[in-house]
Structures are given as C-alpha cells and as structure tokens.
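Order of the sequence lines sets the chain letters (A, B, ...), proteins ahead of strands, with each chain counted from 1. Worth knowing before you read on, the calculation uses all heavy atoms, side chains too, and leaves out hydrogens, waters and symmetry mates.
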Amino acid sequence: MTLRLTNTLTRTKGSFVPLQEGKVSIYCCGVTVYDLCHLGHARSYIAWDVLRRYLIWRGYQVTFVQNYTDIDDKILARAAAEGSTMAAVSERNIAAFVADMACLNILPADRMPRATGSLEAIRALIGELEARGAAYSADGDVYFAVLKHAGYGKLSGRDLAEQQENAAGRVSDQEEARKRHPFDFALWKAAKPGEPSFASPWGPGRPGWHIECSAMVREELGDTIDIHLGGADLIFPHHENEIAQSEAATGQPLARYWLHNGMVNVEGEKMSKSLGNFTTIRALLDSGISPMTLRLFVLQAHYRKPLDFTADGLQAAAAGWERLRAALEVGERLGWVRASASAADGPAPLSAELAVQRSRFIAAMDDDLNTSAALAELFDLARPLRGLAGRLRSGENIEGSQDAELQQRWQLFVELSEQVLGLSLGAAAGLKGPGAESGTDRGAAPGGAAATSESGDEAQQQQIAATVYELLRRRSQAKADKNYDLADDIRQQLIGNFNVELYDKPGGITIANGGSLQAAVSFDPSRHSEATP
RNA sequence: GGCGGCAUGGCCAAGUGGUAAGGCAGAGGAUUGCAAAUCCUUUACCCCCAGUUCGAAUCUGGGUGCCGCCUCCA
C-alpha cells in the first residue's frame, strides 16, 4: 500500500512518490504575523501536522519548512495603529504563533524562514526573472508578466484570455496603469513615503507577497519540492503566482504535489477576517475547550472539505476526546510502558485482531489522509481499554490485570493516537499554552476550585483530604440510615466546594476524586480507614 | 460570467459498483438508593428524475439546493 494524495494540480488522487526515495521535502505556507492565529489556521496546521507525522511514522525522512510573512501592509497598519513598529508587531505575533501551535501539539517546522531574513534570495530571484524577460519594472515597482509565462493558470484552472475582462477594475487605477496585464502582480513594491523599506536595484521598497515563498522554497529546499501545502484560499492567486515565478526562473516544476485544506465556517457562516467573525485559537481554548478536543474535532472531518465550527460540534468532540483520553490514561494508571514502535521498525508481533485494526488504520490514512476513518479504528481499539478504565474509575481493583493482549492493544492505540494523529495525553495536560490548563473540558466546572489543586501546599492538601474524608463518613452513615436526601446533599457539597466527585462502588465503599484533591480519598465503612490508591 | 466543491440517520461524518464505519445525542436492558463510569442491545429506502449494470449512496445525463475561489486571507 502506498499513500495516495489528492493533488490540486492534477485534480486527481494518486500515489505519492517522493523525488528521492525515503525523503520528503515539504513547504507549508505560513502566517502573516499581524494578528493572533484563528480557527482556520488551527484547522490547516493540524491537518498538515498529521500529514507530517504520518510520513515520519511511515519511515520517511521529512524536511518541513514553513514561513513567516513579516513584511506586509496589514502589519504596517497594525504597527501604525498602536504606535509600534513592524518588527515589534511581527515579533509578538510570532511568539503567539509558536505558543498556539505548541498548545495544539503541532510539531514545530524544521525551519521557519522570515521574509525579512530572505531578502537576499528574494532580490536575486526578482533579478533573475527580470533578466529572463519574465518581469518588468515600472516606476520603482517590478511586476511579473503573466503573458510571458506559458501555463499560467494551470493550478487554479484559469484561462487568461477568458478572465481578462472579469479582472478589470479590481485593482487601484494607479497600479493598474503600470501593469501590462490585469493579472500581472508585484514582485517588488516601491516604498511610499514614511514606510519602512529595503534597498534594491529598483530602488527602496519591499517584496510583493508571493515572491517570498518562491525564494524561500528554492533557498531552503531546492528547485523542485515534493509537497507544497496551504489553504484552499491560496490556490489563486498566491500559489498560481508562486508557480509562475518559480518555474519561470528555474524551468523546473515547483512542487510535485499541491495539497489544499478546506475552509472553516463558524455556525454556518464563512469565517474571515474581513467579515470580522473569526475566533482566535486562544479565545477558543480560553473558553474551556481543550486543545485535544479541537484537534479531534478537526480530524473527524476530511481535510479537504469545509469544516463548520459549531458549539454542538465541539461539545460532541469534547465527549469523544473524553473517551479516547480515558483509554490513553488507563495504561499509565496501570504502569504500562509505551512501545517505541513505528511503522518503519516493522510491525510488532500483534494478535490477529490487532494486526487487522492496525492495517485498517494504515489503509485509511493511505487514502488521502482519511482521518475520519482512521479515528473509527482508533475508537474501536479503545473500546476494551475504556472498559478497563471504567472499572478502574469505579474503584475496582485491577492493578493485577496485566493481560498481554490488552497491554499490546494499549501500546498500539497509544502509538497511533499520539505519534500519528497527535492526540496525546501529555499535550492535553502538560504542554501548556495560554488558557489551556485543563485536559478535560468538564474540568471547567463551577467554583474554579480545580485551580487550587496545583498550588495548594501539603498541609492544606491534608486538611482538604481530611475534610473530604469526614464528609464521606457522614454520607456513609446517612446511606446506612437511608437518609438519601442528606447523602445527596453531601455529594453536592463536595462538588460545589471542592469540585470533588464521588463514585460509589460495591460494598458501600465510596471514592472521592478530582477537583481540589491531589489524590483520591476512599471510605470503606467496614474498615473505617483511609486509603489512597 | 469563469473555475471548483458539496448534498448519507436528530447532529457531525466515513464509505466512490455488491444491500451503509465511527463520534455525539436518543431508546431499552445490566449495574446503582440515586448518580457517575462501564457493558449489552437498538435507531438510514444514502436530495429528486432518468439511464448504464445481474447489482449503484457509489458510474452517466438532467434537475434542485448549498458553498468556496475569482480582492488580503489557512
């Protein structure tokens, strides 16, 4: 089985064959750093993170480059609005980007070039295009001449002759007057008075938007790369222009595979900056949605399809993540060890059933990253583990349960979930970004008492445990007296005051867990002794 | 006007020729004083019409509806 990917360039799904066996070069269009990242970025970069993780897991040596566009009109506007500088705005948003991506468990790119750091390559490329007659300068601007480039429009399926009239009048008259063709686009823009600018053979100015990607791809990865990634909104004009520039300069195909992710809607409406209805990643996480919930939500749909963010959808994903989380957690609770396996190491010896599930997972991922189908396998793998988790949670003693098949199942499950899909316990609880304290969405319960669990000192913790224990004792007595109103009242008190939940198990034993408690407290009426599992 | 995409159960969403994965929600049952968790069982004539085929959600033609891009945008 080989990986099959839908290539925008050919509009077909075909086998992925890298240029060099065993190696994959990927360029992913990054962000313009004038603001915080929004859900569209999250969707896109989660999808590409999974592509990358899957390739790595399959044994490829992947080089992943993603740019920062840190020269741009909108950054300038933002800087002017806040009395700051372009560099300051960029720096701040780059830091935010890094934090947001880490929070979502998105692997950092191998290299992240910036436009400001690539000016040499950009100027060289423009010069080359000019020398080849593919570009012309006009009043300090330099434009790419689309008519000089055969094949312009091949990515987006546009025909220059047909499109010409439709495009008229879409750009400012001034700029229009300098262009020879409406689709010609700026490679270099002359500086306007008061703007920061960079020196160039054409006078002071700054690069156009598209040229930086062409220059960076070439500088970082070479003339032809394996995979070029981006949002569907970039197909035209950005990627079309990128192809034109690069291929006019090198005479080689820019990328063998062009992959584009579908757009994000919010409650059925297109999300866009111009409509002002975008939600930042931070705002969503701050609202109590866990990073892994967001990740699961994104991966439940195919990356090429539009994705509608709704409160209901996120809630469903949160419940789904709870299930996966329980299954991930159970092995750790039982002290099981992760296997350091990957597809490249060859399959570990698996039971027949597990081997089938593993190969189904691979088949799904091979089919243009069908994460939805892959997740179905993951949920199937998790089912018996959830059963184990359920028994553990309700206080049943299964410490001795070292069933080999279950352990193996857990190891496979963890491997696929964490390594390939990036759905990870550690990422949910450990890797903290702003506003991402809780691994579970239900952790955002009333009272906010949960937050104290990490800061409380030992004495305080003992005090709380003792109080909880006393309440458990009283509740046990109330149950014995069949005074269920009081018993329920105590349950409510524990939730309200400490965010602690109670689980009754056979034998009248009650376990209190979560919230302000660092360790579970249990009460056994037959023993009257405290235990902390 | 040009290019492209999508229409599957209450919601989300796979499936691209052999009688419909998975998640959420719901129902019934086991367990429970009640909860929680878990387990079992259960819920679809795949937008419409015509055609191809032994057989279609899946292919072809037509229709209807929705959406994206064509302007900065992941």
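Of the nucleotides present, B:rC24 is the one that pairs with B:rG10 by Watson-Crick or G-U wobble criteria, both distances under 3.5 Å. The pairing partner recorded for B:rA30 is B:rU38, the criterion being a Watson-Crick or G-U wobble arrangement whose two distances lie under 3.5 angstrom. Nucleotide B:rC72 has no partner under the Watson-Crick or G-U criteria, as no pair reaches both atom distances under 3.5 Å. Checking B:rC47 for Watson-Crick or G-U wobble geometry (two distances, each under 3.5 Å) identifies B:rG63 as its partner. B:rU16: no Watson-Crick or G-U partner with both key distances under 3.5 Å is found in any strand.
For A:K74, the side-chain atoms get nearest to B:rC72 when compared with the rest of B:rG23, B:rC72, B:rA21. Among the nucleotides B:rG33, B:rG22, B:rA14, the one closest to the side chain of A:A373 is B:rA14. Nearest to the side-chain atoms of A:R386 among the listed nucleotides B:rG68, B:rG23, B:rG15 stands B:rG23. Taking only side-chain atoms of A:Q300, from C-beta outward, the nucleotide of B:rA13, B:rG23, B:rG33 with the closest atom is B:rG23. Closest to the A:M263 side chain, of the nucleotides B:rG68, B:rU38, B:rC34, is B:rG68. In this structure, of B:rG4, B:rA14, B:rC70, it is B:rA14 that holds the atom nearest to the side chain of A:S372. Checking B:rA13, B:rA35, B:rA74 against every side-chain atom of A:V31, the shortest atom distance belongs to B:rA74. Distances from the side chain of A:A376 to the nucleotides B:rA21, B:rG33, B:rA14 place B:rA21 closest. When distances run from any side-chain atom of A:A319 to the nucleotides B:rG15, B:rC24, B:rA74, the shortest one goes to B:rC24. In this structure, of B:rG23, B:rC69, B:rG4, it is B:rG23 that holds the atom nearest to the side chain of A:F379.
On the C1' atoms, B:rA37 is 24 Å away from B:rU43, given to the nearest whole Å. Look at the P atom in both B:rG5 and B:rA14: the space between them is 16 Å, to the nearest Å. Atom C1' of B:rG61 sits at a distance of 36 Å from the matching atom of B:rG23, rounded to the whole Å. Going from the P atom of B:rA20 to that of B:rC45 covers 12 Å, rounded to whole Å. Here, B:rA21 and B:rG33 have their C1' atoms 40 Å apart, quoted to the whole Å. Going from the C1' atom of B:rG22 to that of B:rG18 covers 22 Å, rounded to whole Å. As rounded to the nearest Å, B:rG26 and B:rG10 have C1' atoms that lie 8 Å from one another. Nucleotides B:rC67 and B:rA25, compared at atom P, are 29 Å apart to the nearest Å.
Considering A:T2, A:L3, A:D366 as possible partners of A:F16, the one that fulfils the side-chain contact (heavy atoms from CB on, under 4.5 Å) test is A:L3. For the salt bridge (charged side-chain N to carboxylate O under 4.0 Å, His left out) test with A:R475, the passing option among A:D504, A:D485, A:D481 is A:D504; the others fail.
As judged by a 4.0 angstrom heavy-atom cut-off over every strand, A:L234 is placed among residues touching the sugar-phosphate backbone only. If you check every strand for non-hydrogen atoms under 4.0 Å, A:L502 touches a base. Within the 4.0 angstrom heavy-atom criterion, no nucleotide atom of any strand lies near A:G153. Among the heavy atoms of the strands lying under 4.0 Å from A:G40 is at least one base atom, whether or not backbone atoms are also near. A:F297 comes within 4.0 angstrom of nothing in the nucleic acid, heavy atoms only. Within the 4.0 angstrom heavy-atom criterion, only backbone atoms of the sugar-phosphate kind lie near A:G230; the bases stay farther away. Contacts of A:H302 with the nucleic acid, taken as non-hydrogen atoms under 4.0 Å apart, involve only primed sugar atoms and P, OP1 or OP2.
Look at CZ on A:R304: it is 14 Å from C1' on B:rU16, rounded to the nearest Å. Rounded to an integer number of Å, the gap from A:D308 CG to B:rC66 C1' is 12 Å. Here B:rA35 presents its C1' atom at 15 Å from CD1 of A:I490, a figure rounded to the nearest Å. Spacing between atom CZ of A:F236 and atom C1' of B:rC70 amounts to 6 Å, rounded to whole angstrom units. If you measure from atom CG of A:L307 to atom P of B:rA74, you get 17 Å, rounded to the nearest angstrom. To the nearest angstrom, P of B:rA74 lies 16 Å from CG of A:L104. Rounded to whole Å, atom P of B:rG23 lies 15 Å from atom CG of A:L421. B:rU71 atom P lies 13 Å from atom CZ of A:F185, rounded to whole Å.
For the OP1/OP2 pair of B:rC34 and a distance below 4.0 Å, the side-chain nitrogens and oxygens of A:K479 include no atom meeting the criterion. Here A:K305 reaches the OP1 or OP2 of B:rA7: one of its side-chain N or O atoms lies under 4.0 Å away. Between A:R383 and B:rG23 there is a side-chain polar atom (N or O) within less than 4.0 angstrom of OP1 or OP2. Distances shorter than 4.0 Å separate some side-chain N or O of A:N370 from OP1 or OP2 on B:rG15. Side-chain nitrogen and oxygen atoms of A:R323 include at least one within less than 4.0 Å of the OP1 or OP2 phosphate oxygen of B:rC24.
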Worked verdict on A:V217 versus A:V65 for side-chain contact (heavy atoms from CB on, under 4.5 Å): CA-CA 8 Å; A:V217 167; A:V65 175; over 6 Å; no

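Taking the centre of each ring, A:W48 and A:Y303 come in below the 6.0 Å mark.
By the neighbour-count criterion of 12 heavy atoms within 6.0 Å, atom CD of A:E195 is densely surrounded, having more than that number from other residues, nucleotides or ligands.
Between A:Y484 and B:rG33, a base-stacking contact is recorded: ring centres under 5.5 Å apart, planes less than 30° from parallel.
One can find a donor-acceptor pair under 3.5 Å joining the base of B:rG33 and the side-chain atoms of A:D488. Applying the 3.5 Å distance criterion, the base of B:rG33 shares a donor-acceptor pair with the side chain of A:R475. The base of B:rA35 is paired with the side chain of A:R491 by a donor and an acceptor separated by under 3.5 Å. Contact of A:D504 with B:rC34 (side chain to base): a donor-acceptor pair of N or O atoms is detected under 3.5 Å.
For the pair A:R78 and A:Y34, the cation-pi test (distance below 6.0 Å, angle within 45°) is failed.
Using a distance-only test at 3.5 Å, with no hydrogens or angles considered, no donor-acceptor pair links the side chain of A:D184 to the main chain of A:K179. A donor-acceptor pair under 3.5 Å links the side-chain atoms of A:D49 to the main chain of A:L107, judged by distance alone.
In this structure, A:Q315 and A:D485 both approach RNA chain B, and ranking their closest nucleotides by distance from the 5' end singles out A:Q315. Both A:T310 and A:R43 lie close to RNA chain B; mapped to their nearest nucleotides by heavy-atom distance, the more 5′-ward contact belongs to A:T310.
Atom CD1 in A:I71 sits 11.0 Å away from atom OG1 in A:T32 (nearest 0.5 Å).
Ion pairing of A:R178 with A:D141 is present here, as a side-chain N (NZ or NE/NH1/NH2) and a carboxylate O approach within less than 4.0 Å.
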